[in-house]
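Here's the structure, in structure tokens; my notes come after.
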Amino acid sequence: MCGICGIVSLNGPMSDDIESMSGAIAHRGPDAKGEWKNTKVAFAHRRLSLIDLTPMGNQPMISADERLVLIFNGEIYNFREIRDELKGKGYIFRSTSDTEVVLYAYQQWGKDAFTRFNGMFALAIYDTEANKVILARDHAGIKPIYYHLSENQLIFSSEIRGFKAINPNWPADENWEVSFLSFGFIPAPNTTLKGVFTLPKGSSLTVDVSTKSKHVVESFHRFNYTASITSEKEAIRGVRETMLNAVNGQMVSDAPLGIFLSGGIDSSLCALIADHLGHKDLNTLSITFNEATFNEAPYQEIVLNRMRPHNHLAYQVNG
């Protein structure tokens, strides 16, 4: 989990609030922080290092020709394959991070690059030559990005608190409490703040800084269901292959990996598959309760007994 935020001046002087926004989301990235700004655009990033733990992976990241500035939150699971393809096109990489792959993938393919990413991401790119800022969010909407767009500014952040850092009295959306009480969540694209929206999943937003023209949100991903499964055996094989590939792809990290083993079906499958695939140095974490009704320790033990010995921590919550 990293944090990104930014301010784009569309009409008038540049705001100096980027440091306050960055401070508001500091908990998202304890490993490094960075800022980039000119007279119209300010980006900030808080880093949690996962791929390439060296300073070469720090952000904002700037392309070699200094045309593109990128801040990125997420992980691209197929970044190595994309990097090899880009190397074949002559791109030279200074780091081993997936961030640099995102940067040059955009330089090569533009917004079509987003359809090539197998992963989760929220990002902002400033094209200094075209003088455009592009926001984008992954196809499943795993990584959050919120924005406010007016005649004067584009403001965006990984968290709502980024906006409150600019204006502690930012007005609340008058309907958010009713929505939350009715549905148990606030339906997208609305948020708790007036005029602040979540970028829809699988979408990008482009703002032309020079002409102040605002473009509608564009979708770059649509789910297509074309497979035809005619037997139970075929369905089981398909689910198995998909799960194996998904877990294996998400085990790529230069930092220690952990699995939250709740005892439920999903976390149990992830842990067992990771063990089955031979991943070493696994860390699992479980929470147990002294109230039998809520305690899932017996199910956790079933999974642990089927795995090879590894690092496991269990925390008991006393009710």
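The number of heavy-atom neighbours closer than 6.0 Å to NZ of K201, taken from other residues, nucleotides and ligands shown, is 12 or below. For L181, the CG atom is densely surrounded, since the number of other residues' heavy atoms within 6.0 Å is greater than 12. Shown here is Q316, whose CD atom has more than 12 heavy atoms of other residues, nucleotides or ligands within 6.0 Å.
Here the closest heavy-atom approach between residue R28 and residue E159 is recorded as NH1-OE2, 2.9 Å. Between M14 and A42, the shortest heavy-atom distance links the atoms CE-CB, 3.3 Å. Across H279 and N248, no two heavy atoms sit closer than the pair NE2-OD1, 2.9 Å. Contact between A44 and I18 at its shortest, heavy atoms only, is CB-CG1, 3.8 Å. Shortest non-hydrogen contact noted between S15 and I7 is OG-CD1, 3.9 Å. V69 approaches P60 most closely through the heavy-atom pair CG1-CB, 3.9 Å.
Here the straight-line distance linking atom NZ of K87 with atom CZ of R80 works out to 11.0 Å at 0.5 Å rounding. Between the CG atom in D254 and the CG atom in D52 there is a gap of 6.5 Å [rounded to 0.5 Å]. Residue H148 holds its NE2 atom at 13.5 Å from OG of S157, rounded to the nearest 0.5 Å. Distance CG/L282 to SG/C270: 11.5 Å, rounded to 0.5 Å.
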Let me check something: any side-chain donor-acceptor pairs from residues 184-196 under 3.5 Å, sequence neighbours excluded? List them with distances.
| residue | atom | partner | partner atom | Å |
| --- | --- | --- | --- | --- |
| T191 | OG1 | L193 | N | 3.2 |
| T191 | OG1 | L193 | O | 3.2 |
| T191 | OG1 | V196 | O | 2.7 |

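Using a 4.0 Å cut-off between a side-chain N of Lys or Arg and a carboxylate O of Asp or Glu, R308 and D275 qualify as a salt bridge.
A donor-acceptor contact shorter than 3.5 Å is absent between the side chain of N118 and the backbone of N78. Under a 3.5 Å cut-off, the side chain of S286 and the backbone N or O of L261 do form a donor-acceptor pair. Between the side chain of N295 and the backbone N or O of F289 there is at least one donor-acceptor pair closer than 3.5 Å. Proximity of a side-chain donor or acceptor of R137 to a complementary backbone N or O of K143 within less than 3.5 Å is detected.
Side-chain contact check for D138 and H221: no donor-acceptor pair (N or O, by modelled atom type) lies under 3.5 Å. Of the N and O atoms on the side chains of D65 and S63, at least one donor lies less than 3.5 Å from an acceptor on the other residue. Judged purely by distance below 3.5 Å, without hydrogens or angles, the side chains of Q59 and T99 pair a donor atom with an acceptor atom.
The stretch residues 120-136 participates, sequence neighbours left out, in these side-chain hydrogen bond (donor to acceptor under 3.5 Å, both in side chains) pairs: R67-D127, R67-E129, Y126-N131. Listed by first and then second residue, the ring-ring contact (aromatic ring centres under 6.0 Å, His included) pairs that reach into residues 82-103 are Y91-Y104, F93-Y104, sequence neighbours excluded.
Checked against a 6.0 Å centroid threshold, the rings of F72 and F43 do not count as neighbours.
Using the six-membered ring where Trp is involved, F114 and F117 have ring planes that are tilted, between 30° and 60° apart.
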